[in-house]
K.L.:
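Following this message is one structure expressed as structure tokens.
Lettering follows sequence order; numbering is per chain, from 1.
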Number of protein chains: 2
Amino acid sequence: MEKQLLKQMIDRFETSTFTVNRILHACIRELMPENLTADQHSILRYIRERGLCTSSELADFFFVGKSSITAIVKRLADKNLIQRILDDKDRRVIYLSLTAEGAELVETMQEKIAELLTKFINHFDEQEAHTFIETYEKLARILIEEEGGKGRE
Amino acid sequence: MEKQLLKQMIDRFETSTFTVNRILHACIRELMPENLTADQHSILRYIRERGLCTSSELADFFFVGKSSITAIVKRLADKNLIQRILDDKDRRVIYLSLTAEGAELVETMQEKIAELLTKFINHFDEQEAHTFIETYEKLARILIEEEGGKGRE
DNA sequence: TGAAACAGTTCGATAGGTGAACTATATCAC
DNA sequence: GTGATATAGTTCACCTATCGAACTGTTTCA
């Protein structure tokens with residue numbers, strides 16, 4: 001790609017990303033029930049996706065230290081949204097999973113978020129949305145790859 | 001769009017957004033110089049773009065309370081990256097602008113970020129990148145509109 | 001001229017992040 | 001086997017960002 005064009009592309013990408021994130025994040029924060037933060041919700045979602053997971057896994061995935069996870073997990077467990085399950089094969093390990101209450105909460109949140117996104121996606125025709133998402137997914141794959149490469153160093 | 005398809009689109013969009021943000025945010029955090037957070041950098045960028053701006057404007061733009069801005073502005077001014085300029089027409093108002101040091105810092109950060117993004121954008125051919133960004137910008141416009149609509153209520 | 005609006009600050013609380021020191025368990029080399 | 005090392009998770013002290021309520025000072029306007 002030509003240098004001048006590339007620079008322009010980057011600038012436009014940066015601006016759009018920034019705006020979309022800023023507003024989407026604000027919208028999602030508004031959807032959150034009393035006493036749940038967006039970060040906490042992300043953790044719940046990840047646990048739901050995985051079924052069972054450990055604190056170390058969360059720390060790696062979210063690129064934060066284990067001590068941050070300890071704190072968040074404590075808050076979520078205090079609210080009875082997740083539970084700790086001891087591994088009796090390796091007694092250092094503590095698995096985390098959603099409680100029934102936690103699972104239900106994530107479910108309703110997903111519906112709310114889907115509703116919100118539907119409003120926006122409806123502005124696009126099927127072809128446009130499809131093309132966009134294909135590229136977005138490709139970008140996500142590239143990032144995962146790059147990130148994985150860095151981790152191996 | 002068909003209901004089933006829409007649901008699938010939303011799911012894919014959500015997953016991609018989440019991944020891209022998670023990794024990009026981590027990358028950018030790594031680029032930050034010692035003693036500057038990503039949030040602080042966003043504020044600096046906004047001020048640079050505007051030349052002059054007020055705390056209230058920042059609070060509106062970033063969807064946070066004015067007291068949060070007071071705190072961030074204090075930290076940035078302490079580091080000598082921004083300066084306060086009193087308005088002598090309306091003595092309630094305090095304009096913020098970058099210091100020379102702040103401007104330079106934002107400049108070097110921009111270069112670093114552009115370098116990072118170049119790595120990723122280079123995986124796409126010109127047409128694909130262009131189409132993607134067009135749609136992304138459209139999404140940003142839609143979000144701004146919706147958000148503006150909400151504000152007026 | 002007095003009430004209301006507005007710009008910004010202060011304060012106390014909470015959430016999230018760091019890194020270092022710590023406990024407890026598991027693994028591995030010898 | 002046993003001792004060094006690695007791993008899982010917690011605790012601690014400290015920082016940043018956020019909130020909302022109460023506050024100061026200034027402007028506007030009925």
Side-chain angles (χ1 to χ4, degrees), chain A residues 21-22 25-30 32-44 46-47 50 52-79 81-97 151, chain B residues 21-22 25-30 32-44 46-47 50 52-79 81-97 151:
Chain A
N21 282 162
R22 183 175 59 88
H25 187 260
C27 289
I28 286 179
R29 226 175 27 168
E30 266 180 40
M32 288 294 143
E34 187 59 38
N35 91 356
L36 194 72
T37 68
D39 285 346
Q40 288 169 4
H41 177 247
S42 304
I43 301 273
L44 291 180
Y46 182 82
I47 296 176
R50 306 284 299 163
L52 276 187
C53 81
T54 66
S55 287
S56 300
E57 192 182 333
L58 288 171
D60 285 349
F61 186 77
F62 289 98
F63 304 115
V64 298
K66 287 190 293 180
S67 54
S68 305
I69 300 296
T70 299
I72 295 186
V73 160
K74 183 184 178 315
R75 284 175 208 118
L76 291 173
D78 284 352
K79 291 176 202 166
L81 298 173
I82 63 178
Q83 60 203 132
R84 297 179 177 89
I85 299 170
L86 302 177
D87 180 354
D88 38 85
K89 298 227 174 83
D90 183 339
R91 302 201 321 187
R92 291 171 302 182
V93 176
I94 300 173
Y95 290 109
L96 305 169
S97 77
Chain B
N21 282 162
R22 183 175 60 88
H25 187 262
C27 290
I28 287 178
R29 225 176 27 170
E30 267 180 39
M32 288 294 144
E34 188 57 39
N35 91 357
L36 195 73
T37 68
D39 285 345
Q40 287 169 5
H41 177 247
S42 304
I43 301 274
L44 291 180
Y46 182 83
I47 296 176
R50 306 285 298 162
L52 276 186
C53 82
T54 66
S55 288
S56 302
E57 192 181 332
L58 287 170
D60 285 349
F61 185 77
F62 289 98
F63 305 115
V64 299
K66 287 189 293 179
S67 54
S68 305
I69 300 296
T70 299
I72 293 188
V73 161
K74 183 183 178 319
R75 282 173 210 121
L76 291 174
D78 284 352
K79 292 175 200 166
L81 298 173
I82 64 178
Q83 60 202 136
R84 298 179 175 90
I85 297 170
L86 301 178
D87 181 354
D88 39 85
K89 300 226 174 85
D90 183 341
R91 303 202 321 188
R92 292 170 302 183
V93 176
I94 300 174
Y95 290 108
L96 304 170
S97 76

K.L.:
I'd like to check the salt bridge (charged side-chain N to carboxylate O under 4.0 Å, His left out) partners of K74(B); sequence neighbours left out, ordered by chain and number.
P.N.:
D78(B)
K.L.:
When the nearest nucleotide of DNA chain D is assigned to K79(B) and to V64(B) on a heavy-atom basis, which residue is associated with the more 5' position?
P.N.:
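Result of the comparison: K79(B).
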K.L.:
Counting heavy atoms from C-beta on, name the nucleotide in dG17(C), dA17(D), dG8(C) closest to the side chain of Q40(B).
P.N.:
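The closest nucleotide is dA17(D).
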K.L.:
Could you state the CG-C1' distance from L76(B) to dT16(D), rounded to the nearest angstrom?
P.N.:
11 Å
K.L.:
Can you find a heavy atom in the side chain of L96(A) that is under 4.5 Å from one in the side chain of Q83(A)?
P.N.:
no
K.L.:
Tell me the closest heavy-atom pair linking H41(B) and L36(B), and the distance in Å.
P.N.:
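Reported closest heavy-atom pair: CB-CD2, 4.1 Å.
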K.L.:
Provide, to the nearest angstrom, the distance between the CG atom belonging to L44(B) and the P atom belonging to dA17(D).
P.N.:
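That distance rounds to 11 Å.
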K.L.:
Please write out each protein N/O paired with an N/O of nucleotides 9-13 of chain C under 3.5 Å, distance rounded to 0.1 Å.
P.N.:
unit_1, atom_1, unit_2, atom_2, d
dT9(C), OP2, T70(B), OG1, 2.9

K.L.:
Pick base, sugar-phosphate or nothing for S68(A), based on heavy-atom distances below 4.0 Å to the nucleic acid.
P.N.:
base
K.L.:
Please report the distance, rounded to the nearest Å, between CD1 in I43(B) and C1' in dT18(D).
P.N.:
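Whole-Å distance recorded here is 12 Å.
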K.L.:
In whole angstrom, what separates L58(B)'s CG from dA17(D)'s C1'?
P.N.:
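My rounded result for the distance is 14 Å.
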K.L.:
Could you give the CZ-to-P distance, from R22(A) to dA17(D), as a whole number of Å?
P.N.:
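Distance check: R22(A) CZ to dA17(D) P gives 18 Å.
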K.L.:
For I28(A), give me all partners under side chain to side chain contact (heavy atoms under 4.5 Å, CB included), at least two apart in sequence or on another chain.
P.N.:
M32(A), L116(A)
K.L.:
Are any non-hydrogen side-chain atoms of T37(A) and I72(A) less than 4.5 angstrom apart?
P.N.:
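Contact flag for T37(A)/I72(A) side chains = no.
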K.L.:
Assign Y95(A) to base, sugar-phosphate, or nothing according to its heavy-atom contacts below 4.0 angstrom with the strands shown.
P.N.:
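Here Y95(A) touches no strand at all.
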K.L.:
Tell me every residue that passes side chain to side chain contact (heavy atoms under 4.5 Å, CB included) with A38(A), counting only those two or more places apart in sequence or in another chain.
P.N.:
H25(A)
K.L.:
Specify the closest pair of heavy atoms between R22(B) and F61(A), including all atoms of both residues, with the distance to one decimal.
P.N.:
NH1-O, 2.6 Å
K.L.:
What is the distance, to the nearest angstrom, from the CD1 atom on I82(A) to the P atom on dG9(D)?
P.N.:
12 Å
K.L.:
Quickly work out the F63(A) CZ to dG16(C) P distance and round it to whole Å.
P.N.:
19 Å
K.L.:
Within this structure, what is the CD-to-C1' distance between E30(A) and dT18(D), rounded to whole angstrom?
P.N.:
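Distance check: E30(A) CD to dT18(D) C1' gives 15 Å.
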K.L.:
Is the shortest heavy-atom distance from the side chain of I94(A) to the side chain of S55(A) under 4.5 Å?
P.N.:
no
K.L.:
Enumerate the residue pairs fulfilling salt bridge (Lys or Arg N to Asp or Glu O under 4.0 Å) with a member in residues 53-69 of chain B, sequence neighbours excluded, ordered by first and then second residue.
P.N.:
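Checked against salt bridge (Lys or Arg N to Asp or Glu O under 4.0 Å) - neighbours excluded - the pairs reaching residues 53-69 of chain B are R50(B)-E57(B).
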K.L.:
Of the listed nucleotides (dA8(D), dT18(C), dT16(D)), which one gets closest to any side-chain atom of T37(B)?
P.N.:
dT16(D)
K.L.:
Under 3.5 Å, which N/O atoms of the protein pair with N/O atoms of nucleotides 25-28 of chain D?
P.N.:
unit_1, atom_1, unit_2, atom_2, d
dT26(D), OP1, R91(B), NH2, 3.0
dT27(D), OP1, R91(B), N, 2.8

